[in-house]
2 protein chains.
Amino acid sequence: MALTDDAIDKIKQMIISGRLAPGDRLPREADLATQLGLSRNSLREAVRALALINVLDVRQGDGTYVTSLAPGMLTEAISFIVDLQHDGSVLEFLEVRRLLEPAATSLAAYRMSDEDVAGLADLLDSLGESPTLEALVENDQEFHRRIARASGNDVLASLIESVSGRTHRARVWRGLTQDSAVARTLDEHRAIQLALAQRQPDVAQAYASVHVAGVEQWLRRTLAEAGDQPNLG
Amino acid sequence: MALTDDAIDKIKQMIISGRLAPGDRLPREADLATQLGLSRNSLREAVRALALINVLDVRQGDGTYVTSLAPGMLTEAISFIVDLQHDGSVLEFLEVRRLLEPAATSLAAYRMSDEDVAGLADLLDSLGESPTLEALVENDQEFHRRIARASGNDVLASLIESVSGRTHRARVWRGLTQDSAVARTLDEHRAIQLALAQRQPDVAQAYASVHVAGVEQWLRRTLAEAGDQPNLG
DNA sequence: GGGCAGAATACATCCGATGACTTGGCTCGG
DNA sequence: CCGAGCCAAGTCATCGGATGTATTCTGCCC
């Protein structure tokens, strides 16, 4: 079907060409439809599709706007797609995460501000003695999110956040079934934070590698033992 | 707006839960609309949005199907989003590519079949003596695509393909403005192929790093000299 | 058995109408 | 003069139905 797809492409081109800048408001549905030579319904399908991947922001009663288009917007969109991957590819996502996370951690050792490094320690402290598994995983995600952001590369941070979401359930599962996992996670977080504080990129990177590889190895072993995959959902 | 968004989410959940498996055909628009309790128009918006990111495959006169959902489908969807990033983030994409590409090349040194390694040599040979810039870039992309695929990690391959698309224009630009770039690219490709053939992961990885870093450094220098960004479009 | 015409099926597109939400201005009381 | 609340305009949300178009299947004809 050419018509609606054309519309999607035209809007995309308007943005790429700069005719529509981030924050700009689009013409009314009716006007834009006329402009592009199609009906309002067809245009709406195009707009909806672009809104799903966060390119457009539709506000009822107000209008439709172009989003910031910052790399950060990649996260949600990619996460949506990533959610649909089957469990069979969790290992692949973990493998990718093992490539990205240490790199980001290394960069963060150079670039993270002293305040933010201290903030990481506070974050870890906030967990208390015997946190719930839920709180732990939440804390885990926030810890890595902050480090990814501190890498100074928004694209990298977005990708990490996206693929991490996919491995989330695996981490919960591990916490439930492997007693030592919780303590080990906490220890490794401490070690990473310390390396960041001491501005040792290589050490921070190594700990990050170990950290992700731990989950990966556990999952590999679990899958091999079980003979098939655990229900990660 | 809850209604259409709900529909998107419901379809997504049907897929995640397994009620809709890859390859399955969805009920007719009218039926599904009734099932989900909304009008055909609204449903169509939801379907269109999911089709844009390759989750659904709509065939006029036939029906709507769930795609394979293989990690490979990530590529097109992510590329679409990546296309919309502004030139300012090209460096960030290159930085990420510099993380992923060497890793994939290293893996390929272990996993690529002998035939495929030989095929890489053929691919490079096919360029001839003095290729056009267009042919070179095309050849360049195919070369890296094959290596990425050979990593055995489809998620990794998809991500590489996505971010590489974004750096494509930068590479063309470099070929146009830096005389030595063409010869250097060819040399580095040869070196990577050779390392793969000799099953030297570390060497292959190093050359891949150098290869990407070359573009990156050139772009950094160019941006610094120009004081602003070249028009990469 | 093969090919073609036509029916059946399903998506594509459009139109017009009505509802719902947001914003901003305007009125009115303090 | 200022603020609260009301009101109207603008815009998207949703619907139902009608018509066009592409694909597939079926059955007839050769």
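Every value quoted in this text rests on a predicted model; they were computed, and no experiment measured them. Naming convention: chains lettered A, B, ... in sequence-line order (proteins, then strands); numbering from 1 in each chain.
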Using every non-hydrogen atom in the two residues, find where Asn54(B) and Met73(B) come nearest and quote the distance to one decimal. O-SD, 3.7 Å

Spacing between [X] atom [atom1] and [N] atom [atom2], to the nearest angstrom:
| X | N | atom1 | atom2 | value |
| --- | --- | --- | --- | --- |
| Asn41(B) | dC15(D) | CG | P | 9 Å |
| Ile8(B) | dA13(D) | CD1 | C1' | 13 Å |
| Gln60(B) | dT13(C) | CD | C1' | 10 Å |
| Asp57(A) | dC12(D) | CG | P | 12 Å |
| Glu29(A) | dG10(D) | CD | C1' | 12 Å |
| Arg59(A) | dG24(C) | CZ | P | 11 Å |

When you measure from the side chain of [X], which nucleotide among [options] comes out closest?
| X | options | result |
| --- | --- | --- |
| Ser39(A) | dT24(D), dT13(C), dA13(D) | dT13(C) |
| Arg40(A) | dA10(C), dT23(C), dT14(D) | dT14(D) |
| Leu3(B) | dC15(D), dC12(D), dC11(C) | dC15(D) |

Is any side-chain nitrogen or oxygen of Arg44(B) closer than 4.0 Å to OP1 or OP2 of dA12(C)? yes

Does the side chain of Thr64(B) get closer than 4.0 angstrom to OP1 or OP2 of dA10(C) through an N or O atom? no

Who passes salt bridge (charged side-chain N to carboxylate O under 4.0 Å, His left out) against Asp31(A), sequence neighbours left out? Arg28(A)

I'd like to check the side chain to side chain contact (heavy atoms under 4.5 Å, CB included) partners of Ala104(A); sequence neighbours left out, ordered by chain and number. Ser151(A), Leu156(A), Ile160(A)

Look at the rings of Phe143(A) and His189(A) and say which category their plane angle falls in: under 30° parallel, 30 to 60° tilted, over 60° perpendicular. parallel

